[in-house]
Number of protein chains: 2
Amino acid sequence: MNEGVEWGMHTCVNLSWMPGEALPAKKLAAFYELPTAYLNKQLQALTRAGILSSTSGPKGGFQLARPTDRITLLDIVVAIDGPDEAFRCTEILKAGPGADPREDYRTTCLISQAMRQAELVYRRELAARTIADIVADVERQFPRSPESTRAWFANLKS
Amino acid sequence: MNEGVEWGMHTCVNLSWMPGEALPAKKLAAFYELPTAYLNKQLQALTRAGILSSTSGPKGGFQLARPTDRITLLDIVVAIDGPDEAFRCTEILKAGPGADPREDYRTTCLISQAMRQAELVYRRELAARTIADIVADVERQFPRSPESTRAWFANLKS
DNA sequence: GTAGTACTACTCGGATAGTGATTGTCCGAGTATCAATGG
DNA sequence: CCATTGATACTCGGACAATCACTATCCGAGTAGTACTAC
């Protein structure tokens, strides 16, 4: 899985503590000492997916495009890592003896079905967890996080 | 995910219909018109994992090393695709402000926990399905499969 | 006729190239701010 | 003093390399069978 997924999730959590303010990729990258340009690339993907909104120019940057309770972990995974499933059925049964070339073995093949079922529960789990849930858990476990994060960004020399 | 996972699963199903007989990679590959040497590589991985047993020389080949009800889909995935999870926590929190370098953020970070939880249900689903289950489903839906598969391997010109 | 032996053919196993995706970097298009200028 | 305009600095956005894993292939080590030879 793309490493940017992790970066995107942490960045969304940080952005949730800076509502209404656009943070440039440079500052967001500095927070975790990440390569700025590469993080920018990932944030672009989140923007294309409608998760973030971007503004150019001075005072520009990224901010959340919708409430955190409407951003699921699956949204971020799909936006950055792509919509394809890990297991892709290449329909090798079509090359086997007694195969019907017209049949769609991605739905017929029982192995493909079993793998799809597993990925289904995986995605269902990710879709059930929103950034709001994560933020709430973090604030419960580390109550100082929002305040200290805001302070860090404020004190960051531009 | 490695394409060999699909090949390995289908091959295990086919091997379940040829009990006690060792089939060489060449024949197993011919069944689905797969590249022989590359399939051989995947079967080596299954052998290292103790899922298959291999025999060299004439009349040699691969066969199942244990009963089909003790081979789960997860076993095959782990053997071929590796034991690593898709989402790997790189602990970027360690580079963040106010981080404790001693802490293991793979277990502390709530995002990492959420992703691990999703992969857990994924693996649980795969671990609950054995090759025996798949074989039983196939035989129920396509009763002629075992017989026709045995016939195909028997009629294959060596 | 039978036992021993050398040969042959076949298989797995790991070491070796080729290819595509992920990772990382760079520069250009666009925009808001700021300063300077003229009324 | 205030409005306008031009320059400037900063940001995103997409185009351009480098690295790594997956894909694919090949040849050597080992083994079982077979045929031949000698007794």
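The sequence lines fix the lettering, A, B, ..., with proteins before strands; numbering per chain opens at 1. Please read all numbers here as calculations on a predicted model, not as lab measurements.
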Item checked: Sub-4.5 Å side-chain heavy-atom contact between A:F87 and B:V5 -> yes
Next item on the list: Let me know the distance between CG of A:L43 and P of D:dT11, rounded to the nearest Å.
Entry: 14 Å
Check: Rounded to the Å, how far apart are B:E33 CD and D:dA24 P?
Finding: 14 Å
Note to self: Contact between A:R123 and A:V78 at the side-chain level, heavy atoms closer than 4.5 Å - yes or no?
What the structure shows: yes
Item checked: Atom pair distance, as rounded to whole Å: CG in B:L46 and C1' in C:dG13 -> 14 Å
Margin query: Rounding to an integer number of Å, can you tell me how far A:Q44 CD sits from D:dT11 P?
Written below: 15 Å
Margin query: Let me spell it out: for each of B:K59 and A:P58, pick the nucleotide of DNA chain D with the closest heavy atom. Which residue's pick is nearer the 5' end?
Written below: A:P58
Next item on the list: Compare the minimum distances between each of C:dT31, D:dG14, C:dC12 and the side chain of B:A25, then state the nucleotide with the smallest one.
Entry: C:dC12
Notebook entry, point to check: Looking at the rings of A:F31 and A:W152, which for Trp means the six-membered one, are their centres under 6.0 Å apart?
Noted result: yes
Note to self: I need the CG-C1' distance between A:N40 and D:dT11, as an integer number of Å.
What the structure shows: 9 Å
Margin query: Between B:E125 and A:Q117, is there a side-chain heavy-atom distance shorter than 4.5 Å?
Written below: yes
Check: Side chain of A:S56: nearest nucleotide among D:dG13, D:dC12, C:dG13?
Finding: D:dC12
Note to self: Counting C-beta onward and ignoring hydrogens, is there a side-chain heavy-atom pair between B:C12 and B:L64 closer than 4.5 Å?
What the structure shows: yes
Checklist line | Rounded interatomic separation in angstrom, taking CG from B:L156 and C1' from C:dC10 | finding: 15 Å
Note to self: Is the phosphate of D:dG13 approached by A:R48 (side-chain N or O, under 4.0 Å from OP1 or OP2)?
What the structure shows: no
Note to self: Each nucleotide in nucleotides 18-25 of chain C should get exactly one letter: B, S or -. Can you fill that in based on protein heavy atoms under 4.0 Å?
What the structure shows: -----BBB
